[in-house]
Amino acid sequence: MFMARHRRSARSAGAGSGRDALWLNTQQRRYDFHLGEAIRAAIQGSHDKATKHSQTALSISRELYAGAPDPASHQPELAAALCTHARYGGGWQVIAMLAESAGHYTALAEADPAAYEVARIDVLTRVALASDEAGNTRAAISLLREVIGLYLKAPAADQEERDIGVARARFHLGRCLLATGQPGDGLAETDSGLELAAEVLDRLALAVTEPGWLDAAPRYLQLAAPDWAAAAVRSMAGHADAGRWQRAAIAAQAAVLVSGGLAGLGGETLRDAHAAITARAAEIFARLQPFVVDVTLAGALNLDLGGRAVGPVRALDRLAGLQVLVDLEEMLDLQPVKFRDIGDVLQVRLPGVVRGDAEDLVVRALLIAHLEHADHPGGHQAAGEGRLLKQHQRVKRVAIAPQGLIDKPVVSRVPG
């Protein structure tokens, strides 16, 4: 099933006759189907199809709210349908639907804040987007900043849903700041949203290595995916234009992952977008090759150049398509010795390795939180007696601390 069912309040047990119960059950199933199809069509870019399904879902929710023995129990469906269909209206209709949706969610949140406060704030995010679409971007910026503060203080039964709401608000705030000529603040907000979304993805432990991983994700993640992919592309482009290749690569990895999840939902538009993002990401990854060479590619995000998936532990590792982000500054002790043209040199020391206790030197990669064995990542001019130096300090190997990618070791060498 494409969409997880929308949260509902508890139904009144045994309400009405058997015929009434059958009618309610049928209407609820129809509502779930049409709302799910509306969201799927919207993600795939099928505007007319999305509008049709969304309108049907809204009509069914109004029937349930008006004709059920316990109308209040169907308030969540009506509130959600109003907020969803508002994106397909125009002018005053959008504001009217969002205001009605906010009213329902406010009433629900008063009774159960943990369950509905986040949904109420989501409507305010939609209001901000409507303001931006109407040309009042500065008002949208002000409201989005307020929305982020509300999210951070809101009680939430589902912490991941709340955090995705915060991330999505930051995506749009960053976009609006960029549009008003504030690139520094815009990229900072965008990157904060990307980092938070990656943490949520890590906590959900979704099988992102599978082509249809987004299909099995919660509804709130599916709804946020288009904004997430667009934000990652903006960050990728902004950092690349400024020559910040490592930050551009991190954003590119997120863009490849999320656009790939969207492409897995089907639709030529999404597949074409994923192909274009993948090609741009490959150009950015190529700029990092002078830093690390001979690196085994991770399977999930290796642009179809590698083997199986790594299944890493941390959020950034989950987004790591190429293990090429090991900064040389983390491995200064591994640099080859540089000799000057001077005479009577009594002793030459390796930089940073002065005295040792015979334990292996351990270097932790900058953005690789899982442990990996490395096979000779750097040459040592005095690994044994009688070579260039006799001061090898008993350091015989350097391990990048632990296990490699399934059955594929990560092997890297750092040039001088």
Side-chain angles (χ1 to χ4, degrees), residues 3-4 39 42-43 83-84 87 114 116-129 132 140-179 182 184-206 208 213-214 216-239 247-248 250-262 277 301 314-320 367:
M3 294 291 168
I39 296 173
I43 291 175
C83 187
T84 300
R87 71 180 65 222
Y116 294 106
E117 181 64 13
V118 168
R120 184 187 73 84
I121 301 172
D122 287 344
V123 178
L124 297 180
T125 302
R126 284 292 312 152
V127 172
L129 298 184
D132 177 52
I141 290 173
S142 178
L143 181 54
L144 285 168
R145 283 177 170 151
E146 181 180 351
V147 161
I148 291 170
L150 292 173
Y151 273 126
L152 295 176
K153 295 184 292 186
D158 188 335
Q159 297 292 328
E160 283 69 39
E161 181 178 14
R162 184 193 65 182
D163 288 348
I164 282 294
V166 177
R168 195 178 186 187
R170 290 194 184 279
F171 294 155
H172 289 295
L173 176 56
R175 177 180 56 79
C176 290
L177 288 170
L178 289 171
Q182 304 175 68
D185 291 341
L187 283 177
E189 288 292 345
T190 302
D191 290 344
S192 294
L194 292 174
E195 182 179 355
L196 182 57
E199 291 175 1
V200 171
L201 192 62
D202 188 54
R203 297 201 300 265
L204 289 173
L206 295 172
V208 297
W213 69 268
L214 190 59
R219 171 174 288 177
Y220 57 79
L221 195 65
Q222 295 166 344
L223 287 169
D227 296 331
W228 187 356
V233 170
R234 285 193 298 271
S235 178
M236 173 180 69
H239 288 302
R247 296 196 65 85
I250 294 173
Q253 291 159 358
V256 171
L257 172 64
V258 182
S259 66
L262 289 168
I277 290 170
L301 295 175
R314 298 286 299 167
L316 286 176
D317 296 319
R318 191 179 294 276
L319 298 178
L367 290 179

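Sequence positions, counted from 1, serve as the residue numbers for this chain.
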State, to 0.1 Å, how close [X] and [Y] come at their nearest heavy-atom pair, and which atoms those are.
X      : Y      : value
Ala217 : Gln222 : O-NE2, 3.1 Å
Leu214 : Ala225 : CD2-CB, 3.7 Å
Met236 : Ala252 : SD-CB, 3.4 Å
Trp213 : Val258 : CZ2-CA, 4.2 Å
Tyr151 : Ala169 : CE1-CB, 4.2 Å
Val118 : Pro155 : CG2-O, 4.1 Å

**Prompt:** In chain order, what residues pass the side-chain contact (heavy atoms from CB on, under 4.5 Å) check against Leu196, with sequence neighbours excluded?
**Reply:**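 With sequence neighbours excluded, Leu196 shows a side-chain contact (heavy atoms from CB on, under 4.5 Å) to Asp163, Val166, Ala167, Glu199, given in chain and number order.
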**Request:** Apply side-chain contact (heavy atoms from CB on, under 4.5 Å) to Asp227 and list each qualifying residue two or more places apart in sequence or on a separate chain.
**Result:**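 Only Arg168, Phe171, His172 meet the side-chain contact (heavy atoms from CB on, under 4.5 Å) criterion with Asp227.
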How long is the straight-line distance from [atom2] of [Y] back to [atom1] of [X], given to the nearest 0.5 Å?
X      : Y      : atom1 : atom2 : value
Arg170 : Glu195 : CZ    : CD    : 10.0 Å
Ile39  : Arg219 : CD1   : CZ    : 4.5 Å
Asp191 : Arg247 : CG    : CZ    : 4.5 Å
Leu178 : Thr190 : CG    : OG1   : 5.5 Å
Leu150 : Ile121 : CG    : CD1   : 5.0 Å
Leu124 : Leu144 : CG    : CG    : 10.0 Å

**Message:** Pair Leu201, Leu221 - check side chain to side chain contact (heavy atoms under 4.5 Å, CB included), show working.
**Reply:** CA-CA 9 Å; Leu201 192 62; Leu221 195 65; 4.2 Å; yes
**Prompt:** Between the main-chain N or O of Ala231 and the side-chain N or O of Ser235, is there a donor-acceptor pair closer than 3.5 Å?
**Reply:**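 Checked: no pair found.
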**Message:** Is there a side-chain contact between Leu129 and Arg175 in this structure, where contact means two heavy atoms from C-beta onward sitting under 4.5 Å apart?
**Reply:**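 A side-chain contact exists here, since the closest heavy-atom pair is under 4.5 Å.
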**Prompt:** Is any side-chain heavy atom of Glu146 closer than 4.5 Å to a side-chain heavy atom of Leu143?
**Reply:**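 Yes, their side chains come closer than 4.5 Å.
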**Request:** Verify side chain to side chain contact (heavy atoms under 4.5 Å, CB included) between Ile250 and Leu194, making sure each step is shown before the conclusion.
**Result:** CA-CA 10 Å; Ile250 294 173; Leu194 292 174; over 6 Å; no
**Message:** Quick one about Gln159 and Arg162 (side-chain donor to acceptor, distance below 3.5 Å, no hydrogens or angles considered), yes or no?
**Reply:**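 Arg162 vs Gln159: donor-acceptor pair found between side chains.
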